[in-house]
> 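My structure is below; once you've seen it, I'll send some questions.
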Amino acid sequence: MLGSRFPDHSVTIVPADTALRVGWALNSRDKGEKVKYRYRPQYFVEVWRPGEPSLTIPLACKGNHSDSATSAEQLASASAHAEAVHIGPWNETPGLLFSTQLPTDGGTMTVHALQAPGSGGRLSPAEGREPSLNAPPFQANVMPDIHPPAEGLVAPEPVRGCHVQPKDYAWFQESLAHTTAADLMAFTGSGHATARHLTDRQGRKRFTGLEHAASMSVQDAAHTLFGSEYVGTDHVFRLNGPRVEAFSGVDENTFRLLTRGDIEGYRILVHASRHVRPRLTFDKDWGGPVSVHADGSVLALRLLPGQDEELRPGSVR
């Protein structure tokens, strides 16, 4: 939806809890002054173009197996999640709310959506420095609470939540980029490549140390799909009986850029190929369905050799 609205930009979905931990202590396990508010958006949508400020939109999504009345209630409660993060001026952060209605009787799935317009969310360097996405991730300690504007000489009471103010725009844009990179590297199974894009409060230490196949997914596989090289990790599991191999990874050039911390180069590559890279089809050489996203990530499935069935799109139930 946002890709069609901003055709000259790329769109990235960023897990909000991970991104916010770069600046705020969200629960009792995090060191620092706690954000004493349990509501938060599930994601940020970052609309970006290389070398330009990002537009960042909080996204709250829920779902149900009931009816439209339940979805209406969910959209109302989702607003409390989206409003828990302000980016820029008070009450001007745009937001997206979704409630997915999936009937248990096999009927049509319906997605209810609401947009909250606003002039905020733009990480323009109004104050302070320009962002440097290749700089190492920086753990800040931003004071919690959202601060409404003063009414004359009276300063209103702060509202619970997280407030990204202009002085923090560059840092927050860098944090979103590193969180996205860590998410992508975790998909490949590379612990060390993931760790370099995280702070300690985001869980960096979980991804350092020995990478051993018996303890975690390990970046130890490479495959050629649609004529391009991808690196990542393999998983084997049973799907309704047959044994299935799943390969998750990223384009080899993308992997090399992010393992050495070159987020600027990665974004230039992703943005240039955003219209030609996405694919979802059957790869005969691989022997199963393959999905490639604009960010260079890939998920490929196939039956292990020696089984008679053929895994094709629509055959997985």
Side-chain angles (χ1 to χ4, degrees), residues 3-4 7 9-15 46 48 50 177 179-197 207 211-214 216-317:
S4 63
H9 291 72
S10 292
V11 178
T12 302
I13 307 297
V14 188
E46 186 185 7
W48 57 271
T179 302
T180 299
D183 200 30
L184 196 55
M185 290 296 93
F187 193 61
T188 72
S190 176
H192 291 291
T194 304
R196 74 169 301 146
H197 296 288
F207 295 93
E211 294 186 356
H212 192 280
M216 63 175 70
S217 298
V218 179
Q219 185 271 308
D220 60 355
H223 293 288
T224 300
L225 303 167
F226 305 127
S228 298
E229 296 296 321
Y230 292 87
V231 295
T233 182
D234 284 314
H235 308 267
V236 176
F237 58 94
R238 290 194 178 275
L239 189 64
N240 295 338
R243 295 174 67 226
V244 174
E245 177 185 4
F247 170 69
S248 63
V250 297
D251 170 79
E252 185 177 32
N253 292 329
T254 296
F255 183 79
R256 288 178 177 177
L257 288 169
L258 291 181
T259 51
R260 64 172 183 255
D262 188 0
I263 293 181
E264 299 275 7
Y266 155 73
R267 288 208 162 192
I268 291 172
L269 174 64
V270 166
H271 187 70
S273 58
R274 69 191 185 281
H275 294 313
V276 298
R277 180 177 272 166
R279 299 188 69 173
L280 176 58
T281 187
F282 192 91
D283 187 328
K284 291 183 179 179
D285 293 332
W286 161 258
V290 177
S291 173
V292 182
H293 280 200
D295 62 1
S297 62
V298 63
L299 178 64
L301 299 175
R302 65 180 174 185
L303 290 173
L304 289 177
Q307 300 184 89
D308 295 332
E309 298 183 55
E310 198 172 41
L311 189 64
R312 290 188 175 276
S315 67
V316 180
R317 295 187 296 276

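Side chains are part of it too, since the values below use all heavy atoms of this structure and drop only hydrogens, waters and symmetry mates.
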> Calculate, to the nearest 0.5 Å, the distance between atoms CG and CZ belonging to Asp285 and Arg302 respectively.
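With rounding to 0.5 Å, CG (Asp285) is 10.5 Å from CZ (Arg302).
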> Among all residues two or more places apart in sequence or in another chain, which pass the side-chain hydrogen bond (donor to acceptor under 3.5 Å, both in side chains) test with Thr194?
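Here no residue qualifies.
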> Residues in salt bridge (charged side-chain N to carboxylate O under 4.0 Å, His left out) with Arg277, at least two apart?
Asp251
> In terms of ring plane angle, is the pair His271 and Trp48 parallel, tilted or perpendicular, where the classes change at 30° and 60°?
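If you compare the ring of His271 with that of Trp48, the planes turn out tilted.
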> Looking only at heavy atoms, what is the nearest atom pair of Ala300 and Val290, with distance?
CB-CG2, 3.8 Å
> So Leu184 and His197, side-chain contact (heavy atoms from CB on, under 4.5 Å) or not? Walk me through it.
CA-CA 10 Å; Leu184 196 55; His197 296 288; over 6 Å; no
> Can you see which heavy atom on Phe187 is nearest to which on Val298, and at what distance?
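Closest heavy-atom pair between Phe187 and Val298: CE2-O, 3.2 Å.
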> Begin from the C-alpha positions of Val244 and Leu303 and carry the test side-chain contact (heavy atoms from CB on, under 4.5 Å) through to its verdict.
CA-CA 5 Å; Val244 174; Leu303 290 173; 3.9 Å; yes
> Minimum heavy-atom separation for Asp234 and Glu245, please, with both atom names.
OD1-OE2, 3.1 Å
> Looking only at heavy atoms, what is the nearest atom pair of Ala246 and Leu301, with distance?
CB-CD2, 3.5 Å
> Show, in sequence, the C-alpha distance, side-chain angles and deciding distance for Leu269 and Asn253, and conclude whether the side-chain contact (heavy atoms from CB on, under 4.5 Å) test is met.
CA-CA 9 Å; Leu269 174 64; Asn253 292 329; 4.1 Å; yes
> Say you draw a straight line from OG1 of Thr180 to CG of Asp295; how long is it, rounded to the nearest 0.5 Å?
9.0 Å
> Give, for atom CG of Asp262 and atom OG1 of Thr254, the distance between the pair rounded to the nearest 0.5 Å.
11.0 Å
> Let me confirm one number: the OG1-CG distance from Thr224 to Asp283, rounded to the nearest 0.5 Å.
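So the OG1 of Thr224 and the CG of Asp283 are separated by 9.5 Å.
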> Determine whether Leu304 and Val236 make a side-chain contact, defined as any pair of heavy atoms from C-beta on separated by less than 4.5 Å.
yes
> Would you say CZ of Arg256 has more than 12 non-hydrogen atoms from neighbouring residues, nucleotides or ligands within 6.0 angstrom?
no
> Which atom names give the shortest non-hydrogen contact between Ser10 and Arg274, and what distance separates them?
OG-CD, 3.5 Å
> Is there side-chain contact between Met185 and Val250, with at least one heavy-atom pair below 4.5 Å?
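SC-SC contact between Met185 and Val250 confirmed.
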> Measure the OG-NE2 distance between Ser228 and His223 for me, rounded to the nearest 0.5 Å.
14.5 Å
> Using the six-membered ring wherever Trp is involved, compare the ring planes of Phe247 and Trp286 and label them parallel, tilted or perpendicular (cut-offs 30° and 60°).
tilted
> Taking the side chain as C-beta and beyond, is there a heavy-atom pair between Thr233 and Ser248 under 4.5 Å?
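Contact flag for Thr233/Ser248 side chains = yes.
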> Show the nearest heavy-atom pair for residues Val270 and Ala294, with the distance to one decimal.
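Taking Val270 first and Ala294 second, the nearest heavy atoms are CG1-O, 3.6 Å.
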> What's the spacing between Arg260 CZ and Arg196 CZ if we round to 0.5 Å?
10.0 Å
